[in-house]
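All remarks here apply to the structure that follows.
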Amino acid sequence: MANFSLCHFIEKWQFHHLCNRGGFFDMSKWVVRLCTVWVLIMSLIWNQGMGYADGSAAKAAVSSTAQPDASEVETKWEMSFATEAPDDLMSVQQTGDNEFVAIARSYLDTRFIKLDQNGKIQWEQIYTNKEQQGVYDVIPTKDNGYLLYGSARISGENGTDLYVIKTDSLGEKQWEQTYADQGNDSPSDALQTSDGGYLITGFGLVVKIDSKGTLQWKLRPPKALSSVVNIVPKPYNSYLLVAQGGMFTVNSKGKIISQALIPNTYDSHVLTMKNGKYLYVNFARFKEPGTMMLANELGEVEWKQVLKLTADYEADLVVPSADGNILIGQHHNNSVYDKSLPMRITKMDLTGTVLWEANVGKGHRFTCLLPLADDNFLTGGRYQGWDTEMDATLSAVHIEATPDPVEGVTLSQTSLQMKIKDKTQLIAVVMPSNALNKKVTWSSSNPKVVKVDQDGRIEALKEGTARITVKTVDKNKTAICEIRVRKLTKEETVTDVKIEALTPTSVKKGEIVRFRAIATFENGTTEDVTELANWFVSNSMLVKLEPGVFKAERIGGSGVSAFYGKHSLSAVPVKIETDQPLKELIISPSNLTLYKEDWGFLNLTAVYEDGTKAAVHGLADWKSSNPKIVTVDLGFLTGMAKGKAVITATYRGVSKQVQVTLIE
């Protein structure tokens with residue numbers, strides 16, 4: 001899988017749409033410079049809007065030109081991608097032999113370069129750009145070759161298409177393909193699949209191709225999601241596609257089988273962490289603070305933290321470090337004016353605390369940050385200046401963090417209101433961020449009320465107050481969180497809720513159905529909570545008149561459920577019938593093909609003697625001839641394995657059958 005963080009999708013998108021949209025590869029240098037002037041004018045407007053008192057962007061350059069005290073930087077080697085036209089460094093990947101391949105491109109051509117550990121060129125391939133092509137990233141392939149991917153424009157001026165090059169071990173082209181589709185399809189990640197083909201994702205398109213580049217299928221992400229930035233292989237040849245805005249899963253045939261939305265992550269950088277979780281990082285914009293949040297595969301946000309970065313720097317990319325922290329590559333806001341201003345790496349832990357900062361190289365955009373062993377890094381950037389364009393540079397640096405004595409400690413919370421059985425975690429931040437010894441100890445003034453472990457996890461045990469103290473091992477600096485624990489309300493002590501039907505649940509249209517809800521509490525007592533519970537029906541065949549009371553409005557099947565405390569009850573089925581004789585039973589579709597792990601639905605319609613029609617899938621009895629192939633529940637089908645099965649629906653003694661075929 002390509003490491004998305006090495007040349008972040010946002011960077012690729014900005015480069016492609018700010019430069020290529022007007023025909024970058026066909027423009028002369030003078031047109032390029034006119035675009036640069038426009039960028040500078042917009043930068044002035046932007047910096048005025050960010051709150052500089054006199055509207056001057058240049059003032060911000062004064063405070064951050066010095067090397068941060070927290071670290072020392074040793075440059076081991078540096079190289080420039082200098083050719084006839086200015087080059088932009090798009091991606092660097094480490095190869096299996098611990099050397100590197102790099103992609104640099106200009107409006108004339110794309111250069112694919114193999115480097116040894118000292119930055120010496122081993123071989124170089126140059127691909128002439130045509131059809132406004134551009135390569136963004138590369139992944140190694142199982143045959144010791146490479147797959148390069150980027151974009152081209154063959155669908156017209158209003159869109160871009162996925163562009164792929166397959167090479168041998170020396171970068172010689174074996175084949176190339178462009179996959180045309182409407183919209184902007186700049187790619188962001190690629191993965192070689194178990195069948196030898198490739199899955200490639202981008203801003204608005206996902207494609208699956210075979211080993212020769214033949215398109216097998218393509219899909220567009222769900223409307224609420226875009227910019228698929230990570231591909232995570234899952235069992236049964238399925239793939240979790242982590243996107244800005246959330247994530248979704250596709251099977252081997254390109255069918256979406258699940259999705260989850262995560263609000264406020266549309267413009268996020270996304271990292272796949274070693275623990276299988278997903279880190280969404282939003283940098284500060286429009287005076288809103290930067291944040292990062294950790295989500296699981298279900299799209300559930302487990303925690304959220306505020307980021308605090310130096311105001312004079314703008315973040316371009318974020319990558320995971322080997323020790324589970326994150327690295328942020330940034331450029332100075334005024335580097336477009338002052339070519340001497342350095343780029344910066346900030347190392348941050350998952351509480352948002354800066355561990356160290358280091359100035360590295362120069363450039364107007366930080367495009368590549370590759371962590372290596374023993375605090376070594378490959379860093380690269382590109383530069384578009386006021387009156388000239390400079391070539392991209394690649395540097396190998398060693399960063400040595402210089403520790404300081406402990407000065408203090410703070411807690412993420414200084415006071416908390418909890419209820420019995422609540423659990424949470426306090427986060428201690430030792431200052432300064434590069435302190436020599438960050439070890440701390442935890443204690444509770446009243447462990448019978450609140451207990452704490454040595455990782456700061458706390459649990460409320462009974463009503464009362466307690467003081468949680470964290471103390472640094474070095475210098476004995478302390479911080480305190482005052483906690484008050486309250487009793488649970490009666491509703492919070494519910495252990496079970498049951499629904500009892502007070503009338504028959506098989507009724508005629510227009511009749512009333514009544515239920516009551518009985519709650520059981522921790523002390524063993526029970527209580528009628530019909531008036532207190534929240535009542536729900538699965539569809540409009542039942543209309544709620546009052547708590548626990550429903551009127552049958554239409555023929556068919558519905559369900560009634562209730563919610564009280566933390567307990568939601570399984571739906572109780574209600575069947576609504578008619579006295580009219582059945583004239584005909586219709587099932588559709590008449591045959592169905594599904595993929596393994598896919599799902600489908602069968603419509604079952606009853607036609608009565610008076611001409612009335614009703615959906616009766618909730619009234620019928622359903623059966624699968626082979627549940628190992630496909631299962632059925634109230635007309636909903638789930639594919640299990642390759643093969644064929646017959647689904648039978650029986651209603652009022654009349655049966656209808658459908659053959660379902662499962663393919664892989």
Checklist line | Check: Ser211 side chain, Gly197 main-chain N or O, donor-acceptor pair, under 3.5 Å | finding: no

Check: Can you check side-chain contact (heavy atoms from CB on, under 4.5 Å) on Phe248 and Leu219, steps first, answer last?
Finding: CA-CA 12 Å; Phe248 61 101; Leu219 66 87; 4.1 Å; yes

Check: Centre of Tyr608's six-membered ring, under 6.0 Å away, within 45 degrees of the axis: is that where NZ or CZ of Lys613 sits?
Finding: no

Margin query: If we count only N and O atoms by modelled type, under 3.5 Å, do the side chains of Gln657 and Thr648 hold a donor and an acceptor together?
Written below: yes

Note to self: So which atom in Pro221 and which in Val228 form the shortest heavy-atom distance, rounded to 0.1 Å?
What the structure shows: CG-CG2, 4.0 Å

Check: Are Ile262 and Met247 close enough that some pair of their side-chain heavy atoms sits under 4.5 Å apart?
Finding: yes

Check: Where do Tyr239 and Val232 land on the side-chain contact (heavy atoms from CB on, under 4.5 Å) test, with the steps shown first?
Finding: CA-CA 6 Å; Tyr239 304 92; Val232 183; over 6 Å; no

Margin query: Pair Tyr278, Met273 - check side-chain contact (heavy atoms from CB on, under 4.5 Å), show working.
Written below: CA-CA 6 Å; Tyr278 306 96; Met273 307 302 286; over 6 Å; no

Next item on the list: Please indicate whether Lys212 has more than 12 foreign heavy atoms, meaning atoms of other residues, nucleotides or ligands, lying under 6.0 Å from its NZ.
Entry: no

Margin query: Is there a side-chain contact between Asn626 and Met640 in this structure, where contact means two heavy atoms from C-beta onward sitting under 4.5 Å apart?
Written below: no

Item checked: Lys490/Glu527 ion pair, N-O < 4.0 Å -> yes

Notebook entry, point to check: Is there a donor-acceptor contact under 3.5 Å linking the side chains of Tyr136 and Ser151?
Noted result: yes

Notebook entry, point to check: Between Thr578 (side chain) and Gln580 (backbone), is there a donor-acceptor pair under 3.5 Å?
Noted result: yes

Would you be so kind as to tabulate the donor-acceptor pairs closer than 3.5 Å made by side chains of residues 542-558, with sequence neighbours excluded?
{"from": "Arg554", "atom 1": "NH2", "to": "Ser540", "atom 2": "OG", "distance (Å)": "3.0"}
{"from": "Ser558", "atom 1": "OG", "to": "Ser538", "atom 2": "OG", "distance (Å)": "3.3"}
{"from": "Ser558", "atom 1": "OG", "to": "Asn539", "atom 2": "OD1", "distance (Å)": "3.3"}

Notebook entry, point to check: Would Ser258 and Thr249 count as having a side-chain donor-acceptor pair, cut-off 3.5 Å?
Noted result: yes

Check: Does some side-chain heavy atom of Leu147 sit less than 4.5 Å from a side-chain heavy atom of Val164?
Finding: yes

Next item on the list: Fit a plane to each ring of Phe601 and Phe636, take the angle between them on a 0 to 90° scale, and name the class: parallel (under 30°), tilted (30 to 60°) or perpendicular (over 60°).
Entry: tilted

Next item on the list: If a pair satisfies side-chain hydrogen bond (donor to acceptor under 3.5 Å, both in side chains) and one of its residues is in residues 507-521, list it, with sequence neighbours excluded.
Entry: Glu500-Arg516

Next item on the list: For the residue pair Leu637 and Leu594, establish whether any side-chain heavy-atom pair is separated by less than 4.5 Å.
Entry: yes

Margin query: If the condition is ring-ring contact (aromatic ring centres under 6.0 Å, His included), which residues does Phe536 pass it with, not counting sequence neighbours?
Written below: none

Next item on the list: Report yes if the side chains of Val138 and Tyr149 come closer than 4.5 Å at any heavy-atom pair, otherwise no.
Entry: no

Item checked: Taking every non-hydrogen atom, the tightest pair across Leu162 and Leu205 -> CD1-CD2, 4.1 Å

Next item on the list: Using a cut-off of 6.0 Å, state whether more than 12 heavy atoms not belonging to Lys277 lie near its atom NZ.
Entry: yes

Item checked: Side-chain donor-acceptor contact under 3.5 Å, Ser655 with Thr650 -> yes

Checklist line | Minimum side-chain heavy-atom gap Leu271-Ile326 below 4.5 Å | finding: yes

Notebook entry, point to check: For atom NZ of Lys423, is the number of surrounding heavy atoms from other residues, nucleotides or ligands below 6.0 Å larger than 12?
Noted result: no

Next item on the list: Decide, yes or no, whether a salt bridge links Arg486 with Glu492 under the criterion of side-chain N to carboxylate O below 4.0 Å.
Entry: yes

Note to self: Within the 4.5 Å heavy-atom criterion, are Leu532 and Tyr564 side-chain neighbours or not?
What the structure shows: yes

Checklist line | Distance in Å, Asp610 CG paired with Lys583 NZ, rounded so as to fall on 0.5 Å steps | finding: 10.0 Å

Item checked: Electrostatic pair Asp143-Lys166, nearest N-O below 4.0 angstrom -> yes

Check: Which heavy atom in Ser590 sits nearest to a heavy atom in Val658, and how many Å separate them?
Finding: O-CG1, 3.6 Å

Check: Quick one: do the Asn237 and Thr193 side chains pair a donor with an acceptor below 3.5 Å?
Finding: no

Item checked: Residue pair Trp217 / Leu215, side-chain heavy-atom distance below 4.5 Å -> no

Item checked: Flag, side chain of Ser625 to backbone of Val646, donor-acceptor distance under 3.5 Å -> yes

